[in-house]
Number of protein chains: 2
Amino acid sequence: MTQLQRRKIPDAAIARLPIYLQILNNLAVTNVLRFSSDELAALAGVNAAKVRKDLSYLGSYGTRGVGYEVTYLIYQIKRELGLMREWNVVVVGAGNLGCALAKFDGFLSRGFPVVGIVDNDPKKIGRTTSSLTVGDVADLKNIVRDEKVNIGVITTSSAAAQSAADALIEAGITSILNFAPVVLSTPSSVSVRHVDLGVELQILSYYEQMRIETGIKSDSSPELSKVGVQ
Amino acid sequence: MTQLQRRKIPDAAIARLPIYLQILNNLAVTNVLRFSSDELAALAGVNAAKVRKDLSYLGSYGTRGVGYEVTYLIYQIKRELGLMREWNVVVVGAGNLGCALAKFDGFLSRGFPVVGIVDNDPKKIGRTTSSLTVGDVADLKNIVRDEKVNIGVITTSSAAAQSAADALIEAGITSILNFAPVVLSTPSSVSVRHVDLGVELQILSYYEQMRIETGIKSDSSPELSKVGVQ
DNA sequence: TGTTGTGAACGCTTTCACAGCT
DNA sequence: AGCTGTGAAAGCGTTCACAACA
């Protein structure tokens with residue numbers, strides 16, 4: 001959760017910067033030059049004080065009485081997040097989800113080209129999906145070296161996920177995005193983000209059940225707040 | 001973030017219950033009968049005090065000096081999360097990701113059958129993917145009624161996501177899982193969880209960059225902690 | 001005048017530490 | 001003796017409210 005830091009930015013703020021960035025990119029496309037904390041707050045679904053605090057961690061880049069400059073803030077957020085360069089991604093697990101992610105626009109368009117996809121199933125190795133050929137997980141070390149991979153995405157079955165993680169770490173990868181529904185055991189020098197789609201639905205289920213039990217009509221009734229996104 | 005409640009369980013604890021459940025289900029499969037907070041903590045990658053607090057919100061279901069019973073705790077967690085029943089899911093957006101999710105085992109196996117998939121692209125409507133035929137988003141209201149849908153999953157482009165959300169809400173859906181990289185504007189009576197794959201990678205990028213700048217060797221060096229999963 | 005930047009207050013979450021049971 | 005359950009303390013994150021300043 002904490003790391004050695006240049007300037008200490010809270011993890012919670014770091015997690016929101018990509019959302020602000022997304023919104024500012026949209027504003028830039030529509031030629032908006034400036035924004036206030038109020039405006040960004042409304043678009044991001046948070047409150048203005050939070051936006052100001054978050055942006056203040058980057059430095060004092062606003063102008064009192066005026067607001068912030070869109071392009072300058074985009075630059076600062078990208079710099080802070082390490083997005084001035086591309087980060088190459090390898091997908092481990094060439095099932096439906098893995099192949100869909102390998103083709104997924106959202107990765108490349110945000111600076112994360114998928115440069116490889118591997119599996120351990122001989123039936124899948126050699127298949128071509130979009131512009132990639134499925135490689136052998138045994139070659140991971142070479143692929144990571146040759147393609148300068150920085151991030152591994154695990155889309156295997158849960159049974160295979162830990163050994164996928166081990167292979168990535170063995171190959172020198174220190175950033176892992178895991179879609180398998182297991183908690184990976186990794187050294188503390190490796191960053192893991194765990195996206196469990198089942199978990200997301202189960203959390204929704206809890207709040208949905210609560211709405212049913214407390215008898216909220218499915219018509220929009222006020223003053224029950226949105227979960228997620230914080 | 002807060003809702004009307006039966007017994008107040010903190011949101012942070014709710015978000016961990018599915019992870020415990022996952023682990024306990026694995027223990028049950030291997031015929032483990034009991035566990036201690038220490039054991040579950042190690043498997044979940046959290047500390048034992050947190051496990052005990054989290055489980056205590058469900059009631060006092062442990063035995064001092066002994067531990068907790070696996071099957072009984074599974075039952076209690078499922079009851080609390082609303083998993084004693086199935087929740088039907090409809091996917092909006094029949095692109096690569098949407099089709100992959102519709103086929104995804106992880107949903108059905110955890111009690112979330114995907115009963116429909118829709119799109120607004122006439123070229124996609126009518127196609128068959130796994131056992132489902134892509135429907136017209138204009139029929140969403142009927143599908144939700146006929147198939148008793150509880151949860152909507154949005155896998156459209158970001159441009160179409162807001163109107164997909166509007167259509168779901170119009171059809172009476174109050175739980176949405178959104179994969180499009182936009183912040184949805186929804187009434188507060190609707191629960192939204194936002195999974196932005198680009199955002200996940202950008203957060204990893206920040207910590208990866210920090211490791212590079214602070215000169216951590218890619219060999220496992222101690223005392224930098226894992227991010228995510230909390 | 002309008003909006004930022006930020007100490008201080010508040011509230012939520014985690015952790016500690018130990019009393020209470022088995 | 002061992003492990004749970006839980007008040008109390010500590011740690012974070014959010015929000016308030018206003019001084020600073022263009």
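Residue numbers begin at 1 in each chain, while the letters A, B, ... track the order of the sequences.
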Can you give me the N/O atom pairs linking the protein to nucleotides 8-10 of chain D at distances under 3.5 Å, or say none if there are none?
residue, atom, partner, partner atom, Å
D:dA8, N6, B:Lys53, NZ, 3.4

Find every protein N or O atom lying less than 3.5 Å from an N or O atom of nucleotides 20-22 of chain C, and list the pairs.
residue, atom, partner, partner atom, Å
C:dG20, N3, B:Arg64, NH1, 3.0
C:dT22, O4', B:Arg64, O, 3.2

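Side-chain contact between B:Phe104 and A:Asn96 is absent, with no heavy-atom pair separated by less than 4.5 Å. Residues A:Leu184 and A:Val182 are in side-chain contact: their nearest non-hydrogen atoms beyond the backbone lie under 4.5 Å apart. Side-chain contact between A:Glu80 and A:Ile9 is present, with at least one heavy-atom pair separated by less than 4.5 Å. Contact of the A:Asp105 side chain with the A:Leu108 side chain is not registered, since no non-hydrogen atoms from C-beta on lie closer than 4.5 Å. Residues B:Ile23 and B:Phe35 form no side-chain contact, since every pair of their non-hydrogen atoms from C-beta on lies 4.5 Å or further apart.
In this structure, B:Ala49 and A:Ala13 both approach DNA chain D, and ranking their closest nucleotides by distance from the 5' end singles out B:Ala49.
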| request: Give the C-alpha distance, both sets of side-chain angles, the deciding distance and a yes or no for salt bridge (charged side-chain N to carboxylate O under 4.0 Å, His left out) between A:Arg16 and A:Asp11. | output: CA-CA 9 Å; A:Arg16 281 186 297 269; A:Asp11 291 331; over 6 Å; no
| request: Begin with the C-alpha distance, continue with both residues' side-chain angles, and end with the deciding distance and a verdict on salt bridge (charged side-chain N to carboxylate O under 4.0 Å, His left out) for A:Asp38 and A:Arg52. | output: CA-CA 9 Å; A:Asp38 269 313; A:Arg52 289 201 297 278; 5.7 Å; no
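Taking side-chain N and O atoms only, B:Arg52 has no distance below 4.0 Å to OP1 or OP2 of C:dA17. At D:dT4, one or more side-chain N or O atoms of B:Ser37 fall inside 4.0 Å of OP1 or OP2 (strictly under the cut-off). Listed pair B:Tyr68 / D:dG5 meets the phosphate criterion, a side-chain N or O lying under 4.0 Å from OP1 or OP2.
Considering A:Val115, A:Leu168, A:Val89 as possible partners of A:Val149, the one that fulfils the side-chain contact (heavy atoms from CB on, under 4.5 Å) test is A:Val115.
Rounded to whole Å, the distance from NZ on A:Lys50 to C1' on D:dC16 is 14 Å.
A rotation axis mapping the C1' atoms of four pairs onto the next four is fitted at both ends of the helix from C:dT1-D:dA22 to C:dT22-D:dA1 over five pairs, and the angle between these axes is 0° to 10 degrees.
Counting non-hydrogen atoms under 4.0 angstrom, B:Asp38 reaches nothing in the nucleic acid.
Note: A:Tyr72 and A:Tyr75 have parallel aromatic rings, judged against thresholds of 30 and 60 degrees for the angle between ring planes.
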